[in-house]
4 protein chains.
Amino acid sequence: MKIDPEGLQAPYLQLADALRARIKSGEFQPGRKVPSQTELEDMTGLSRNTVKKALDVLKVEGLLITAPGRGLFVAERPKT
Amino acid sequence: MKIDPEGLQAPYLQLADALRARIKSGEFQPGRKVPSQTELEDMTGLSRNTVKKALDVLKVEGLLITAPGRGLFVAERPKT
Amino acid sequence: MKIDPEGLQAPYLQLADALRARIKSGEFQPGRKVPSQTELEDMTGLSRNTVKKALDVLKVEGLLITAPGRGLFVAERPKT
Amino acid sequence: MKIDPEGLQAPYLQLADALRARIKSGEFQPGRKVPSQTELEDMTGLSRNTVKKALDVLKVEGLLITAPGRGLFVAERPKT
DNA sequence: GTGGTCTAGACCACT
DNA sequence: GTGGTCTAGACCACC
């Protein structure tokens, strides 16, 4: 989950790509498993809003679901 | 990065040459590193459009890549 | 908004009664206005969960609406 | 384009709704017409990021297209 | 603890 | 001027 703040791609896109890959590879199974936003902040060194922007991408793609007070979930039937 | 407004070559070409030399010398590595357009303006005393013209030359040459809102990047595999 | 921990009624019911009275009296208008959960904690000295129980009562009654991340609202058309 | 910062709905959703309505009503025709982000900030009193969040919603819906340095456009064939 | 929302400000390239 | 990105901090309800 290496993010390069100086890289060509925007950090939030790098994060989205990394998470998408982990989900599609099956590393993150439907159910919980996904690190929380706070954990992702710590893991990547990104700010809250940037992490959320990455998650927004995956939510739109139907891969992730967020639940206030509960955490992040991998969608049951991700659109491949 | 001295630019001579009265020189033989047009200022934007002088700038392009100077930047190309720095890239090929390895001073600017693939990844980030390249000064922003604004910085180049300050460094050279040239106008926005002149700086842009210099960058356009290098973009056409495949040496530079630009990412809106992110900055200027040296291409990963510069076409020598 | 005095709450008596030793009173006849459970504290959360006392809070619910106090808030209901304020809403019906028009002190809290439809729209925003209602103090946040955190503010209610400070005002009453009650715990988070106790405050929540009081609010749950009013939500069930249709007097209050809650919006995650936004706050507490008096319902537009309270069921009298 | 009245936005109530204290309203039940999140301001960015209020803005998205207002713009969506204007687009679907034909007030904003395909082409330019849409107020810039800066104008929307002034019109609504919202912050930059909140305006952008509203626009993100409409971009995902396929109603709006953004072009760096050019402005906001109503999509040619909005999905109804 | 979790995620949701908003603000203020900064820097970037693009036209 | 335009939109795009990132940071830092604040407050909120939810579990």
Side-chain angles (χ1 to χ4, degrees), chain A residues 3 5-7 9-15 32 34-41 44-56 59 64-73, chain B residues 32 34-41 48-49 51-52 55-56 59 64-73, chain C residues 32 34-41 48-49 51-52 55-56 59 64-73, chain D residues 3 5-7 9-15 32 34-41 44-56 59 64-73:
Chain A
I3 304 295
E6 304 291 314
Q9 261 212 324
Y12 82 94
L13 291 177
Q14 292 180 48
L15 215 202
R32 187 71 160 65
V34 182
S36 73
Q37 293 186 4
T38 308
E39 287 170 330
L40 290 173
E41 293 174 39
T44 60
L46 298 174
S47 76
R48 178 103 184 251
N49 285 334
T50 302
V51 168
K52 287 171 76 49
K53 266 195 88 171
L55 297 178
D56 282 342
K59 283 196 279 185
L64 273 186
I65 296 176
T66 59
R70 310 210 24 253
L72 301 173
F73 299 82
Chain B
R32 186 78 194 298
V34 182
S36 73
Q37 293 187 177
T38 308
E39 286 171 331
L40 289 173
E41 293 172 35
R48 199 134 158 177
N49 285 330
V51 169
K52 264 187 66 58
L55 297 177
D56 283 341
K59 282 195 275 188
L64 282 184
I65 295 179
T66 159
R70 301 236 65 232
L72 287 172
F73 299 82
Chain C
R32 186 74 193 293
V34 182
S36 73
Q37 293 187 176
T38 309
E39 287 171 331
L40 289 173
E41 293 173 35
R48 200 134 159 179
N49 285 329
V51 168
K52 263 187 65 58
L55 297 177
D56 283 342
K59 283 195 273 187
L64 282 183
I65 294 179
T66 159
R70 302 233 65 233
L72 287 172
F73 299 83
Chain D
I3 303 295
E6 303 291 314
Q9 261 213 325
Y12 83 92
L13 291 177
Q14 292 180 48
L15 214 202
R32 186 72 159 65
V34 181
S36 73
Q37 292 186 4
T38 308
E39 287 170 332
L40 290 173
E41 292 174 39
T44 60
L46 297 174
S47 75
R48 178 104 184 251
N49 285 334
T50 303
V51 168
K52 287 171 76 50
K53 265 194 88 172
L55 297 178
D56 282 343
K59 283 196 280 186
L64 274 186
I65 296 177
T66 60
R70 311 210 26 251
L72 301 173
F73 298 82

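Quick note on labels: first sequence line is chain A, next is B, and so on, each numbered from 1.
A heavy-atom distance below 4.5 Å is not found between the side chains of D/Leu46 and D/Leu40. Looking at D/Asp56 and A/Asp56, their side chains never come closer than 4.5 Å, going by heavy atoms from C-beta outward.
The shortest distance between the side-chain N/O atoms of A/Thr38 and the OP1/OP2 oxygens of E/dT2 is below 4.0 Å.
A heavy atom lying under 4.0 Å from DNA chain F marks the following residues of residues 64-73 of chain D, by number: D/Thr66, D/Ala67, D/Pro68, D/Gly69, D/Gly71, D/Leu72. A heavy atom lying under 4.0 Å from DNA chain F marks the following residues of residues 45-53 of chain D, by number: D/Arg48, D/Asn49, D/Lys52.
Rounding to whole angstrom units, CG of residue A/Asp56 and C1' of E/dT5 are separated by 12 Å. Between the CG atom of D/Leu40 and the P atom of F/dG4 there is a distance of 12 Å, given to the nearest Å. The CD atom of A/Glu41 sits 12 Å away from the P atom of E/dG4 (whole-angstrom rounding). Rounded to an integer number of Å, the gap from CG of A/Leu55 to P of E/dG4 is 8 Å. For the pair A/Ile3 CD1 and F/dT5 P, the interatomic distance rounds to 15 Å; values are reported in whole Å. Across the protein-nucleic acid pair, A/Leu13 atom CG and F/dT5 atom P stand 7 Å apart, rounded to whole Å.
Residues passing the salt bridge (charged side-chain N to carboxylate O under 4.0 Å, His left out) test with A/Glu6, sequence neighbours excluded: B/Arg32. Looking at residues two or more places apart in sequence or on another chain, you find a side-chain contact (heavy atoms from CB on, under 4.5 Å) between A/Thr66 and A/Lys59, A/Leu72. With sequence neighbours left out, the side-chain contact (heavy atoms from CB on, under 4.5 Å) criterion links D/Lys53 to D/Tyr12. Among residues two or more places apart in sequence or in another chain, the side chain to side chain donor-acceptor pair (under 3.5 Å) test is passed with D/Ser47 by D/Thr50. The side-chain contact (heavy atoms from CB on, under 4.5 Å) search around A/Arg48 returns A/Gln37, A/Glu41, A/Lys52, not counting sequence neighbours.
Between the CD1 atom in C/Ile65 and the CG atom in C/Leu55 there is a gap of 13.5 Å [rounded to 0.5 Å].
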Exercise for the section: Starting at the 5' end of DNA chain E, write a dot or bracket for each base, bracketing those in Watson-Crick or G-U wobble pairs whose two distances are under 3.5 Å and using | for partners on another strand. Expected result: ||||||||||||||.
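When each of A/Lys59 and B/Gln37 is assigned the nucleotide of DNA chain E with its nearest heavy atom, A/Lys59 is the one assigned upstream, toward the 5' end.
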